[in-house]
Amino acid sequence: MEALRLILLYVHLVGFALLLGGAVAQLVSGPIRINKAMLWGAVVALLAGVGLSAPLRDGDEPAPAKIVTKLVIALLIFVMVFFSRKRDEVNRGHFLAIVGLTLVNAAVAVFWR
């Protein structure tokens with residue numbers, strides 16, 4: 001089971017990298033919009049995160065409050081990305097909120113023990 005957990009963690013990190021990397025690339029490249037890397041990153045991170053929340057450890061499970069917090073933030077990110085993906089230009093505040101929530105979700109994962 002540890003191998004499955006590590007594979008899911010790796011996929012989750014790749015999704016995070018796609019989401020954040022796509023956002024940074026979009027910020028420096030011109031009009032602010034949702035690109036495919038951000039969309040796929042949000043989907044991959046959300047699905048892998050749900051997989052990671054399954055009881056795959058031997059008694060060393062994360063706190064349910066942490067799982068719910070990360071799930072709510074991930075769903076917010078996904079909704080914000082998904083429903084604004086077809087716009088020609090996204091509001092700067094909306095876009096920065098996606099980046100901020102992505103960083104907050106990573107901080108919850110790292111610092112909440």
Side-chain angles (χ1 to χ4, degrees):
M1 284 301 189
E2 182 64 13
L4 177 59
R5 188 187 73 79
L6 290 174
I7 290 168
L8 284 172
L9 181 60
Y10 177 76
V11 171
H12 188 63
L13 290 173
V14 168
F16 168 76
L18 280 170
L19 178 59
L20 194 59
V24 169
Q26 197 62 49
L27 273 173
V28 299
S29 71
I32 299 174
R33 53 188 324 240
I34 305 299
N35 57 32
K36 289 186 188 282
M38 292 176 66
L39 178 61
W40 280 104
V43 170
V44 168
L46 178 63
L47 293 177
V50 168
L52 279 171
S53 69
L56 298 175
R57 297 171 192 88
D58 294 329
D60 187 25
E61 302 299 323
K66 177 181 178 179
I67 292 173
V68 169
T69 302
K70 286 189 56 64
L71 177 63
V72 167
I73 294 170
L75 284 172
L76 283 172
I77 293 168
F78 174 75
V79 166
M80 291 173 75
V81 168
F82 185 79
F83 288 110
S84 59
R85 73 189 188 282
K86 292 187 178 181
R87 293 185 186 162
D88 290 333
E89 193 164 348
V90 177
N91 182 305
R92 185 172 185 80
H94 180 88
F95 194 84
L96 292 177
I98 292 169
V99 173
L101 284 171
T102 302
L103 294 173
V104 166
N105 213 7
V108 168
V110 171
F111 297 114
W112 189 335
R113 293 286 167 197

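Note that this is a predicted model, so its numbers are computed, not measured. Every heavy atom of this structure was used, including side-chain atoms; hydrogens, water molecules and symmetry mates were not.
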Q: Determine whether Leu46 and Tyr10 fall in the same hydrophobic cluster, where Ile, Leu, Val, Met, Phe, Trp and Tyr are linked whenever their side-chain heavy atoms lie under 4.5 Å apart.
A: no

Q. In Å, rounded to the nearest 0.5 Å, how long is the span from CG of Leu20 to CG of Asn105?
A. 11.5 Å

Q: Heavy atoms only: give me the nearest Arg33-Arg87 pair and the separation to one decimal.
A: NH2-O, 3.3 Å

Q: Cation-pi check, Arg85 to Phe82: give yes when NZ or CZ is under 6.0 Å from the six-membered ring centre and within 45° of the ring axis, no otherwise.
A: yes

Q | Sidechain-backbone polar pair: Lys66 side chain, Trp112 backbone, donor-acceptor under 3.5 Å | A | yes

Q: Please check if the side chain of Gln26 supplies one atom and the backbone of Pro31 the other of a donor-acceptor pair under 3.5 Å.
A: yes

(Q) Hydrophobic clusters here meaning ILVMFWY residues chained together by side-chain heavy-atom distances under 4.5 Å, can you tell me if Phe95 and Leu76 are in one? (A) yes

(Q) Which heavy atom of Gly22 sits nearest to which heavy atom of Ala37, and what is that distance? (A) CA-CB, 4.1 Å

Q) Rounded to the nearest 0.5 Å, how far does CE of Met38 lie from CG of Leu18? A) 11.0 Å

**Q.** Inter-residue atom distance Leu96.CG - Thr102.OG1, 0.5 Å rounding
**A.** 11.0 Å

Q: Please name the pair of heavy atoms, one in Val90 and one in Ser84, separated by the smallest distance, quoted to 0.1 Å.
A: CG2-O, 3.9 Å

**Q.** side chain to side chain contact (heavy atoms under 4.5 Å, CB included) between Leu19 and Val44, intermediate numbers included
**A.** CA-CA 9 Å; Leu19 178 59; Val44 168; over 6 Å; no

**Q.** Separation between CD1 of Ile73 and NZ of Lys70, rounded to the nearest 0.5 Å
**A.** 7.0 Å

Q.
Please tell me whether Val68 and Val50 are part of a single hydrophobic cluster in this structure, the criterion being side-chain heavy atoms less than 4.5 Å apart.
A. yes

Q) Say you draw a straight line from CG of Leu9 to CG of Leu4; how long is it, rounded to the nearest 0.5 Å? A) 11.0 Å

(Q) Using the rule that Ile, Leu, Val, Met, Phe, Trp and Tyr join whenever any side-chain heavy atoms are under 4.5 Å apart, tell me whether Trp40 and Leu8 fall into a single cluster. (A) no

Q: Starting from the C-alpha separation in whole Å, work towards a yes-or-no answer on side chain to side chain contact (heavy atoms under 4.5 Å, CB included) for His94 and Val81.
A: CA-CA 9 Å; His94 180 88; Val81 168; over 6 Å; no

Q | Gap separating the CD1 atom of Ile32 from the CG atom of Leu27, nearest 0.5 angstrom | A | 5.5 Å

Q. Can Phe83 be reached from Val72 by stepping across I, L, V, M, F, W or Y side chains whose heavy atoms are under 4.5 Å apart?
A. yes

Q: Take Ile98 and Ile34, measure what side chain to side chain contact (heavy atoms under 4.5 Å, CB included) needs, and give me the verdict at the end.
A: CA-CA 10 Å; Ile98 292 169; Ile34 305 299; 3.8 Å; yes

